[in-house]
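Notes follow once the structure below has been shown.
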Amino acid sequence: MKPPAKMSKPTSLFVIFFSLFVMSEAVFEDQVGKFDWRQQYVGKTLFAHFDSHSQSSKKLFLATDKNIFASFNSRTGELFWRHVDKAGPEGTIDILLLHGQDALMVVGGGRLLRSWDTNMGGLNWEAVLDTGSFQAACFVAMQDTVKHVAVLKKAAISLHYLTNGHQKWVENLPDSDTVQYQAVYSGGEEEVYVLGVVPNSHLTIIAYSLEDGEIIKQRSVEAPWLSSVESSCVVVGHGVLMCVDTATLALYALPIQAEEAPQFNQILLQVTPVQPRLEVSPGFQPVLVSSQPHPARSPISEFFLQLGPDHHVLLQLNADGYTIAPLRDFQPAFLVSFSTTGEKTVAAVMTPKNETSDVFPPQLYVHAFLKKDDSVGYRVLVQTQDHALTFIQQPGRVVWTREEALADVVTMEMVDLPLTGTQAELEGEFGKKADGLFPMVLKRLSSQVILLQAWLAHLWKLFYEARKPHGQVKNEVTIETLSRDEFNLQKMMVMVTASGKLFGIDSKSGSILWKHYLENVQPNAVFKLIVQRTTAHFPHPPQCTLLIKDKDTGLASLHVFNPIFGRKSHIAPPALPRPILQSLLLPVIDQDYAKVLLLVDDQYKVTAFPSTKNVLQQLQEMASSIFFYLIRSDQGNLSGFRLRKDLSTERIWEVVLPTEVQKIVAVNGKRPNEHVHSQGRVMGDRSVLYKYLNPNLLAVVTESTDAHPERAFVGVFLVDGVTGRIIHEAVQRKARGPVHFVHSENWVVYEYWNTKSRRNEFSVLELFEGTELYNSTVFSSLDRPHLPQVLQQTYIFPSPITTMEATLTEKGITSRHLLVGLPSGAILSLPKMFLDPRRPEVVTEHSREENLIPYAPEMPIRTEWFINYNQTVARVKGIYTAPSGLESTCLVVAYGLDIYQTRVYPSKQFDVLKDDYDYVLISSVLFALFFATMISKRLAQVKLLNRAWR
Amino acid sequence: MASVPRSFLLLSIIPTILILCADFACCNTGRKTGDGLDTDFSGFSVPLEHSFEVDDVSRFRMRGALQLRGGRETSVSLSQSQLSEEDRNTLKEVAAVDGLYKIRVPRVSLTDRQTERQMDGYLTAFVRACSLVESHLSDVITLHTDVSGYLIGVSIVTIPGACRGTEVEDEVDLEAFNTTLTIIVPTNAPQPETALFIERMDIEHEKRGKPQEQKSFFAKYWYLILGGAIFLMASSSAQPSAGGAEEQQS
């Protein structure tokens, strides 16, 4: 199926110089940051430390669940530096310890020990640890100086030098198959204590010599009530292990260093001479919180006991080491923390101010420091449930907030901004129903007055601002001043994050204009964002619907909101008692111009939203032409349904891909807002090759279950979503996923891993109807008996890719580019021209006429194709494209760990005048020509008159 | 093929077309099953059922039998009976209410006889009943298989496919199916054509490169150098006085 291209004289110069007419695109230096912005995020904080090395330091160190170690400016919340490790368990940060200028980190479940220089963020050293799952780590001090770090694994303990990471000694733990070793403690003495537990039997304490790792003492203490050291024990005071028994609600104290046979001293909570009486909330496991300010010294003797979700008690261990004294009762108090500076220790308690605060903060970090007058100052870093990181300074002032939920954007949409007030007023005038001549005239007059008013206000503002110095005039984007610009380049980005927080971001500046936290969103929820009504239907507000579906149960709920202001809509979404299998947005609109959303449940019953009478009536009329498909990838089953008048469905087709052979990995239709400008391609001989533009076409990608490199394959099926007809079925042999693909217009581009040649390859499929159209007026899947011609070509791509998307423009005139996210963080804008199955192997007159690039097996990557120059997007997960009001311009948002927004011009800015366009010259020439014509016309008239007189 | 005397109605079996895909042999290479099985393999038959009801509730009846022959040369043929008078009337009624005409075949494997009966479920396809009536029962049925020979899908289209609302008066037109039957196996997607490209580059390189390499700089441009030298000589010898005169003037 290759294009018949054979000619006796192949021209080779063409191969080399084809780049001459492929336009190159790059950013000029002065354009950097003009149309694009990037925001960097780190994710949810796991460990945080303040830089207490020097008094004036403004550094903040965070380790996050995205395997990132980062440093922030505590004054502004800006990122100083950031280290992005491998995603997944290989890069997990197990612990972050900070001492002086060194930040110690155990990475990858105890795989690596790293030391970072906190000043510059450079890596001091990295040591590979012995295998074994990580349990705990702590600094070990000797004679008041911290020189070592102890790392406790499941079956071994090792001591490393802080200066170079070399291992001082490593010792196997005795009876590690029965004893669960969970904690390591050092109080500045010559010993390191390892605490292990045999659940519900006894506690084991082993003291190792710091010098050579010799076991000095090994004792076991009866503790039938103890199940875990990690969760119920802390060390307080001079080496006293304080444990809480969750069953009998008693505190137990045990001196770790005791020489003779030690025993736990029981302090029953109920009978302690504590006023008021301590009672544990029902169903709550009491938790102890203590603090060891410096590794060379013992922990402080004060500690917190948490008795309920909002109840903490501050207790003090008396000097005898056996009795405790209550200091203060805190209720309500959600979070507590200690912080020490010099000799002073601050206990921070977070209490809720009002009951309505829905974002419960799970983590609190306090930094105390001595002020000049020797009083204690403090700074607080709060991590809330919605992944926002807030920094608070002394008198309770919020210095900055970072929305770290944006590190995990799941899906997004771009919504047009509303018209300005005046434009909206005009629209509204025409939108309203006419009610007589006189009221119409009045309405017209009133709107004219409003327009005049607005114009005067605008003039006044201009005048007022002109008097100010230029630098002070700042165009702050606020939700009130939002309005559409001339070319619709500024839009509202509605972003949905995995934590369930929604954001509305201005696409021009990147500032967050609204945010909304959805509570009770399960961590494994799947989101689908649907724009039901755009901004075009003034006075009806735009409307977005978010479908939140639990991945396990399939139960779904709807959140309906206004995408411009983020406010929840007053429209009540329908109750969805059954799991939802499929959702589809129909082009049918109700009387309020909202598109109808159909939700199909597991009994194949359909729920319509909105479900007004008008909608139901329309659905009944159209029922026989509403088709939808369902895919059950676990069964390899694709089936099609047709809507019945009573909103039940009937199954009309079924295709089954046996799961023993291959499994469906992805299904992709076309984007509904895509426009295709030209129906065909003009070939070299002036005939037209018509595209097969089936809007119902689905691209189904499968991977073989057989993973052997010789037998593995990737299957590409093109299935009509209405009739279930398999339009094309191709198998890429010796190929394996992950498969990334884009389905648009009449083509599918997919990328896979070639197992034989060990490289990434791109393949492009294009579908053509041939030189004649079957029915040129309308496309119907039900009436297209002939299968399209399929052309395919494959190329080598010299880089792995992480995501792929195609550019989209208003009318589809501009040539298409593929936006390819590379693992390096670069985003490549690859002209579709290079992925054209009609690229000839031998250059002919016709192919040159068509501007076809001769076939070359390797796809080039040019650095000028990187649209984000040095603004790399770490771990790019998705690329979103949206058309703008300018045909040449496509808005691009790449999201992953970072968010990057820019504009691309696939065919250059053919509809925009350049910045340095010489208006004066052009207009003066025009005027000159105009006057010249006038004068010459006059002269000609005079001459004619004179001739007539003669 | 369409007009068959009515007396032969139930007896007449219409053999239809069998088509196979030419490049199935090369598709076999990656298959894990059936390489040994397809040598002496006789065909087997599976039922082809159809359903057309006014109330759109599927009630499948026998339409014919598909004779499948797996192996290296996959082929298929269809033997089907004519429509009874009752069926014809129903079909017309269904067409009048824009109902669907559905067909289904059981899921089978063309190569592996053991699993042939074990797989449950059917593959279903449909076409609008009106287009079937208006095309005078000329339909194209396509069976799709996957790489290991399982039937994965069936499709039916009529030619012409449109419903124009033309009345089919002649009863004879609706008696017998005029079916074209095809089996489509997956095509192999192309690999990057490196070998051909390198070969072509080599040829071009040779064509272009050879004379260049042999000729030296002087050999290539001797005429230019010679011409230049002659020109220089000529100009210097012809106008010594003029040049000299200018120099003297300045």
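Keep in mind that what you see is a predicted model, and the values were worked out from it rather than measured. In what follows, chains are A, B, ... by sequence order, proteins preceding strands, each numbered from 1. Just so you know, these numbers use all the heavy atoms, side chains as well, and skip hydrogens, waters and symmetry mates.
- Residue contact with chain A, scored on non-hydrogen atoms closer than 4.5 Å, involves the side chain of B:L196 exclusively.
- Distance check: A:E660 CD to B:S109 OG gives 9.5 Å after rounding to the nearest 0.5 Å.
- Put simply, the side chain of B:T124 does not reach to within 4.5 Å of the side chain of A:I652, judged on heavy atoms.
- Taking non-hydrogen atoms and a 4.5 Å limit, the residue list of residues 715-730 of chain A in contact with chain B, ordered by number, reads A:F717, A:V722, A:T723, A:R725, A:I726, A:H728, A:E729, A:A730.
- Within a 6.0 Å radius of CZ in B:R61, more than 12 heavy atoms belonging to other residues, nucleotides or ligands are found.
- The shortest side-chain heavy-atom distance between A:P658 and B:R107 falls under the 4.5 Å cut-off.
- Across B:E193 and A:Y855, no two heavy atoms sit closer than the pair N-OH, 3.2 Å.
- In this structure, the portion of B:T158 lying under 4.5 Å from any heavy atom of chain A is its backbone and not its side chain.
- Most heavy-atom pairs under 4.5 Å with chain B, from the set A:Q732, A:H708, A:R784, A:K734: that is A:Q732.
- Heavy-atom neighbours of chain B within the stretch residues 623-646 of chain A, taken at a separation under 4.5 angstrom, comprise A:F627, A:R642, A:R644.
- Proximity to chain B (any heavy atom under 4.5 Å) is shown, for A:E858, by neither the backbone nor the side chain.
- Ion pairing between B:K102 and A:E650 holds under the 4.0 Å rule for side-chain N and carboxylate O.
- A:F797 does not touch chain B: none of its heavy atoms, backbone or side chain, sits under 4.5 Å away.
- Heavy atoms closer than 4.5 Å to chain B are found nowhere in A:L765, neither backbone nor side chain.
- Nearest heavy atom pair, residue B:A189 against residue A:Y750, reads CB-OH, 3.8 Å.
- With respect to chain A, the highest number of heavy-atom pairs below 4.5 Å among B:T194, B:I103, B:I198, B:V140 belongs to B:T194.
- For A:H786, the part lying near chain B is the side chain, with the backbone staying farther off; criterion is any non-hydrogen pair under 4.5 Å.
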**Request:** May I have the step-by-step check of side chain to side chain contact (heavy atoms under 4.5 Å, CB included) for B:L100 and A:W653, ending in yes or no?
**Result:** CA-CA 11 Å; B:L100 302 183; A:W653 59 265; over 6 Å; no

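- Atoms CG and SG, from A:D783 and B:C163 in turn, are 8.0 Å apart once rounded to the nearest 0.5 Å.
- Between A:K756 and B:Q191 the shortest side-chain heavy-atom distance does not fall below 4.5 Å.
- Closest approach of B:G153 and A:V655 over heavy atoms only: CA-CG2, 4.3 Å.
- Going from atom CG of A:D706 over to atom OG of B:S148 covers 10.5 Å, rounded to the nearest 0.5 Å.
- Between B:D146 and A:Q662 the shortest side-chain heavy-atom distance falls below 4.5 Å.
- At least one side-chain heavy atom of B:F197 sits less than 4.5 Å from a side-chain heavy atom of A:P857.
- Here the CD atom belonging to A:E654 is positioned 13.0 Å from the CD1 atom belonging to B:I152, to the nearest 0.5 angstrom.
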